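Below is one structure, written out as structure tokens; comments come after it.
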Protein chains: 2
Amino acid sequence: MSPARTPTGVAPTRGRRSGRSTGDDRELAILATAERLLRQRPFGDISIDDLARGAGISRPTFYFYFPSKGAVLLTLLDRVTDEANAAAGDVLVRLAEDPRARWRELIARFHATFGGHRDVVLACAQVRGTNAEVRRLWAEVLERWVRAVEAAIEGERARGAAPDGLPARDLAIALNSMNERVWYATFAGDGPAVAERDVVDVLLDVWLTAIYRTTTPPSL
Amino acid sequence: MSPARTPTGVAPTRGRRSGRSTGDDRELAILATAERLLRQRPFGDISIDDLARGAGISRPTFYFYFPSKGAVLLTLLDRVTDEANAAAGDVLVRLAEDPRARWRELIARFHATFGGHRDVVLACAQVRGTNAEVRRLWAEVLERWVRAVEAAIEGERARGAAPDGLPARDLAIALNSMNERVWYATFAGDGPAVAERDVVDVLLDVWLTAIYRTTTPPSL
DNA sequence: GACACCAGTCAACACCCTGTCGAGTCCAAT
DNA sequence: ATTGGACTCGACAGGGTGTTGACTGGTGTC
């Protein structure tokens, strides 16, 4: 099990079993069907038969392309996290230019990426409890972001812009965790949630005060 | 459906169908079995048959006591949230005495309560995605805590101890969300997590800086 | 052109779990 | 003794998952 993903790269072969062939479009059709159905109902209410019929194949044939329903979601999640990583880019290495603007950019870009694929993100959050593969992939992705933020905080402390305080890693974990949960509530719309148009500024404010003890950190 | 809980009180009759009788111990046995099995494996891997056999009854008889597996977890969750509410007590109305100490007390008491029932809390977090009842109850409970924190923040601003800033409700949502997610990671132990002995102080630090812009708010 | 091979396909099956129905048992109150 | 409600469970229906074994059609080989 668990096809040995390289931590940094894309899954070598989570979907199809072997080389190129005409079945590529079927695989894509399954993925597209999943995204479409996710817009209509929760992941748990979508059966493998729904996915197969939506892609114009029978249920056993589905198993030729994916080992399980969860693997489809995993592939979708891969795409989203890749996009988020690309969107984040090198924002954090240019922090000193204008810390407030750069942190805001980081949060806003993540917000835009997740918001653009909210059905997939929501579905992943919902099955994370029951699907070990999704849980593992998400943990891996989160770890990467935590490390990046941790390094950025240490950089800001080193150049004297941010005061010492909590271990940078603990702070990075807490802030990333907050974002995840707050976005989930905002996108899901159940329970207490921050309005979507305010959420970036709310998160930014907590990040800045936690890191700098002020909402207007010094530029250099 | 959804037996019309009073928002503040205990469920009138989520379990048994009617009045007192010898079946009380059976109901308790089901609950006890659920807690025991939850210590061994995730909620999704526990079948109704497991619960029934553990309580010494047959599967159909289970349905005499609870309408579904989820209802058992809901009853367990009710107990935990009641305990958490009791533990929190009136800490927030005595904030001005010593803000840092009182906030820490609040967070530490929640931590102790959740930590003491981590299996139940973890199970709830995991099925929240798929179980609408659990989702609704949790949203209800969270809303209550958010309101309490919101009022406390406004109180601190009114007495001049905390500066103006984000809308108090948004800040309360963000901080409560952070706690939830951070505790989850700490108790679950998968993915980036704060060490259990540090988690109260890490959370406290973020709360204080977000609310007061300092980790040492004024007493009065 | 006969052959082997392999990607791709699906009907049928075995299995597990949920929820319900109907027929029972036991006991307390009439 | 009878009635009615609490309580119990065997048996069934329904729906989901994952696997098996047989079939098809294209492609390269001798």
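Any value given below was found using the heavy atoms of this structure, including those in side chains, with hydrogens, waters and symmetry copies removed. From a predicted model like this one, the values you see are computed outputs, not experimental measurements. Sequence lines set the chain letters: A, B, ... in the order given, protein chains first and strands last, and positions in each chain run from 1.
The interatomic distance linking A:Ile46 (CD1) with D:dG16 (C1') rounds to 14 Å, in whole Å. Between the P atom of C:dC10 and the CG atom of A:Asp49 lies a distance of 11 Å, rounded to the nearest Å. Atom CD1 in B:Ile30 sits about 11 Å away from atom P in D:dC7, given to the nearest Å. Across the protein-nucleic acid pair, A:Ile57 atom CD1 and D:dC23 atom C1' stand 17 Å apart, rounded to whole Å. Taking atom CG of B:Asp50 as the reference point, atom P of C:dC16 lies 13 Å away to the nearest angstrom. Rounded to whole angstrom, the span from the CD atom of A:Glu27 across to the C1' atom of C:dA7 amounts to 14 Å. Between the CZ atom of A:Arg53 and the C1' atom of D:dT17 there is a distance of 15 Å, given to the nearest Å. B:Asn131 has its CG atom 13 Å from the P atom of C:dT18, to the nearest Å.
Each of D:dC9, C:dC13, C:dT18 was ranked by its minimum atom distance to the side chain of B:Arg59; first place goes to C:dT18. Of all nucleotides listed (C:dT20, D:dC9, C:dA11), C:dT20 comes nearest to the side chain of B:Tyr63. Of the listed nucleotides (C:dA7, D:dT17, C:dC10), C:dA7 has the atom at the smallest distance from the side chain of A:Phe64. The side chain of A:Ser68 lies closest to D:dG18, out of C:dC21, C:dG8, D:dG18.
Residue contacts for B:Ser47: at a heavy-atom cut-off of 4.0 Å it reaches the sugar-phosphate backbone alone, with no base atom in range.
The closest donor-acceptor contact from the side chain of A:Arg128 to the backbone of A:Arg135 lies at 3.5 Å or more, if one exists at all.
Using a cutoff of 4.0 Å between basic side-chain nitrogens and carboxylate oxygens, B:Arg136 and B:Glu140 are scored as salt-bridged. A salt bridge is absent between B:Arg169 and B:Glu154; no separation between the charged side-chain nitrogens and carboxylate oxygens falls under 4.0 Å. In this structure, A:Glu143 pairs ionically with A:Arg147, as a charged nitrogen and a carboxylate oxygen lie closer than 4.0 Å.
Inspection of the B:Trp207 and B:Asn179 side chains reveals an N or O donor paired with an N or O acceptor under 3.5 Å.
Of the side-chain N and O atoms in B:Thr61, none sit less than 4.0 angstrom from OP1 or OP2 of D:dC7.
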